[in-house]
Amino acid sequence: MTTNKSKIAVIGVGSIGKVVAANLVKGNRAVILASKNLDHAKSLAKELGSLATAMEVPAAIKEADIVVMAVWFSAIKELLVKYATELQGKIIIDPSNPIAPDGNGGFKKIIGEKESAGQIIAGLLPKGAKLAKALGTLGAGSLAEAARRNPEAVLFYATDDNSINGKIEELIKDSGFEPIPVGKIDQSIRIEVFGDLHEYGALGKTVTTAELEEKV
């Protein structure tokens with residue numbers, strides 16, 4: 001039964017949003033899907049089955065307890081302003097990485113070298129909203145392939161508000177991963193692209209808790 005679990009909205013049905021939603025549905029969690037193109041959200045909801053429903057973005061945010069912003073970093077900043085009223089008091093999950101194509105087939109960071117998307121987003125939060133940096137430490141491919149492995153692969157998260165740790169860990173576990181806290185939002189840089197705990201950083205791959213302990 002999923003009745004006393006937090007209601008989750010996934011905003012954005014691109015590569016990360018699709019995988020996050022699919023992983024949650026496999027973990028028997030109901031998800032509300034929203035996108036600036038409602039037809040895309042409806043199409044994914046149909047594909048995922050009865051646990052997924054599609055709504056317009058403001059309705060999805062209002063309905064949910066936890067809002068996963070599965071869109072580009074710049075789009076999250078816009079959404080926080082546009083839907084500031086609807087987002088009041090919500091738990092916001094930021095999986096974003098502040099990157100853009102570098103023109104050579106790779107990616108470059110689009111904010112300062114020592115800045116993190118998590119800290120920037122934290123400074124823009126609507127009243128009473130709580131932020132967790134999570135679900136972004138693996139690329140979409142690994143996020144799909146590594147879910148529900150045995151032993152479980154790790155997903156890191158960071159938040160300034162320990163009162164939401166249980167809900168974030170439940171979400172990560174239901175997605176098929178082992179949650180590992182790295183500290184407060186000021187540690188976000190470690191779990192974003194190029195950080196020491198990111199697949200596309202010093203970590204270099206999906207890891208289990210045992211493998212992580214070997215590295216430490």
Side-chain angles (χ1 to χ4, degrees), residues 5-14 16-17 20-21 24 29 31-36 41 55-100 109-138 143 155-175 179-195 197-198:
K5 293 195 175 182
S6 307
K7 285 186 179 176
I8 304 162
V10 178
I11 313 297
V13 292
I16 291 288
V20 167
L24 285 165
R29 289 294 289 269
V31 290
I32 304 159
L33 302 169
S35 169
K36 59 186 176 188
M55 291 184 184
E56 297 278 4
V57 174
I61 293 171
K62 275 184 187 169
E63 187 69 23
D65 305 303
I66 298 176
V67 180
V68 181
M69 298 281 193
V71 293
W72 289 97
F73 168 63
S74 56
I76 294 178
K77 292 196 288 183
E78 290 166 18
L79 287 169
L80 291 177
V81 174
K82 189 171 182 180
Y83 300 112
T85 304
E86 291 87 349
L87 286 164
Q88 284 183 18
K90 304 291 183 181
I91 295 172
I92 297 169
I93 307 267
D94 167 26
S96 73
N97 286 291
I99 52 171
K109 201 164 171 178
I110 54 169
I111 56 177
E113 192 185 333
K114 297 202 164 119
E115 285 185 305
S116 71
Q119 284 181 289
I120 291 169
I121 298 301
L124 301 170
L125 287 182
K127 187 179 173 184
K130 297 171 180 180
L131 179 69
K133 186 84 200 181
L135 303 176
T137 50
L138 295 173
L143 200 61
L155 277 183
F156 302 101
Y157 74 93
T159 181
D160 286 341
D161 194 321
N162 290 339
S163 72
I164 65 172
N165 283 20
K167 289 179 178 177
I168 303 305
E169 295 200 353
E170 183 179 73
L171 178 82
I172 291 171
K173 283 175 183 170
D174 287 343
S175 299
I180 302 276
V182 298
K184 295 187 179 295
I185 290 292
D186 64 6
Q187 298 300 303
S188 293
I189 196 164
R190 301 185 67 198
I191 58 176
E192 293 175 7
V193 166
F194 309 130
L197 295 176
H198 196 282

Engineer: Drop me the distance from L155's CG to L197's CG, to the nearest 0.5 angstrom.
Structural biologist: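 Between L155 CG and L197 CG, I get 12.0 Å after rounding to 0.5 Å.
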Engineer: I need the full list of side chain to side chain donor-acceptor pair (under 3.5 Å) pairs touching residues 63-75, with sequence neighbours left out, sorted by first then second residue.
Structural biologist: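 Qualifying pairs: K7-E63.
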Engineer: Taking side chain to side chain donor-acceptor pair (under 3.5 Å) as the cut-off, I'd like each qualifying pair that reaches into residues 77-93, sequence neighbours left out, listed once.
Structural biologist: none
Engineer: Is the shortest side-chain heavy-atom distance between N165 and Y157 below 4.5 Å?
Structural biologist: yes
Engineer: Please list, chain by chain and in numerical order, all residues satisfying side chain to side chain contact (heavy atoms under 4.5 Å, CB included) with K173, sequence neighbours excluded.
Structural biologist: P179
Engineer: Of all residues at least two apart in sequence or in a different chain, which pass the side chain to side chain contact (heavy atoms under 4.5 Å, CB included) check with A34?
Structural biologist: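 If we apply the side chain to side chain contact (heavy atoms under 4.5 Å, CB included) test to A34, skipping adjacent residues, the hits are I11, V57, A60.
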Engineer: Would you say the side chain of I172 lies within less than 4.5 Å of the side chain of I180, judging by non-hydrogen atoms?
Structural biologist: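 No - every pair of side-chain heavy atoms lies 4.5 Å or more apart.
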Engineer: Using the test salt bridge (Lys or Arg N to Asp or Glu O under 4.0 Å), find all partners of K130 that sit at least two apart in sequence or belong to another chain.
Structural biologist: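 Salt bridge (Lys or Arg N to Asp or Glu O under 4.0 Å) check on K130 returns D161.
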Engineer: Quick one: does H198's side chain have a donor or acceptor within less than 3.5 Å of a partner on I189's backbone?
Structural biologist: no
Engineer: What residues, two or more places apart in sequence or in another chain, satisfy salt bridge (Lys or Arg N to Asp or Glu O under 4.0 Å) together with D174?
Structural biologist: K5, R29
Engineer: For residues L171 and I93, determine if any side-chain heavy atom of one lies less than 4.5 Å from a side-chain heavy atom of the other.
Structural biologist: yes
Engineer: Which atom pair, heavy atoms only, marks the closest approach of A100 to I110?
Structural biologist: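 Heavy-atom minimum between the residues: CB-CG2, 3.5 Å.
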Engineer: Do T159 and I168 have side chains that get closer than 4.5 Å, going by heavy atoms?
Structural biologist: no
Engineer: Looking at A64 and I8, what are the two nearest heavy atoms and their distance?
Structural biologist: CB-C, 4.1 Å
Engineer: Taking atom NZ of K62 as the centre, report whether more than 12 heavy atoms of other residues, nucleotides or ligands fall under 6.0 Å from it.
Structural biologist: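 At most 12 heavy atoms, drawn from other residues, nucleotides or ligands, come within 6.0 Å of this atom.
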Engineer: Indicate the atoms forming the closest heavy-atom contact of L87 with M69, along with that distance.
Structural biologist: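 Heavy atoms of L87 and M69 come nearest at CD1-CE, 3.8 Å.
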Engineer: Among pairs that include at least one residue of residues 115-126, which meet side chain to side chain donor-acceptor pair (under 3.5 Å), considering only residues two or more places apart or in two chains?
Structural biologist: S116-Q119
Engineer: Which value, rounded to the nearest 0.5 Å, describes the distance between M55 atom CE and S35 atom OG?
Structural biologist: 15.0 Å
Engineer: Could you measure the distance from the CD1 atom of I120 to the CD1 atom of I76? Nearest 0.5 Å is fine.
Structural biologist: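 That separation rounds to 11.0 Å.
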Engineer: Please say which of I66, L79, L80, I61 ends up in a side-chain contact (heavy atoms from CB on, under 4.5 Å) with I92.
Structural biologist: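 Only one of I66, L79, L80, I61 forms a side-chain contact (heavy atoms from CB on, under 4.5 Å) with I92, namely L80.
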Engineer: One thing to verify: whether E192 and K133 come together as a salt bridge, which I'm taking to mean a side-chain N less than 4.0 angstrom from a carboxylate O.
Structural biologist: yes
Engineer: Quick one, V20 and L143 - any side-chain contact, counting heavy atoms below 4.5 Å?
Structural biologist: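 Of all side-chain heavy-atom pairs linking L143 with V20, at least one is under 4.5 Å.
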Engineer: Would you name the heavy atoms of G12 and V71 that are closest together and state the gap between them?
Structural biologist: CA-CG1, 3.8 Å
Engineer: Hey, are the side chains of F73 and I111 touching, using non-hydrogen atoms and a 4.5 Å cut-off?
Structural biologist: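 Heavy-atom side-chain distance check passes, below 4.5 Å.
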Engineer: Under the side chain to side chain donor-acceptor pair (under 3.5 Å) test, which residues partner S175, sequence neighbours left out?
Structural biologist: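 S175 satisfies side chain to side chain donor-acceptor pair (under 3.5 Å) with no other residue.
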Engineer: Is any side-chain heavy atom of L131 closer than 4.5 Å to a side-chain heavy atom of I121?
Structural biologist: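 L131 vs I121: side chains touch.
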Engineer: For a side chain to side chain contact (heavy atoms under 4.5 Å, CB included) check, start with the C-alpha distance between I99 and F194, then their side-chain angles and the critical distance, and finish with the verdict.
Structural biologist: CA-CA 10 Å; I99 52 171; F194 309 130; 4.1 Å; yes
Engineer: Just jot down the side chain to side chain donor-acceptor pair (under 3.5 Å) partners of Q187, sequence neighbours excluded, or say none.
Structural biologist: none
Engineer: Side chains of V67 and I91: does their closest heavy-atom pair fall under 4.5 Å?
Structural biologist: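 Sidechains of I91 and V67: no contact.
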Engineer: Can you list everything that forms a side chain to side chain contact (heavy atoms under 4.5 Å, CB included) with P95? Sequence neighbours excluded, please.
Structural biologist: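 By the side chain to side chain contact (heavy atoms under 4.5 Å, CB included) rule, P95 matches V68, L135.
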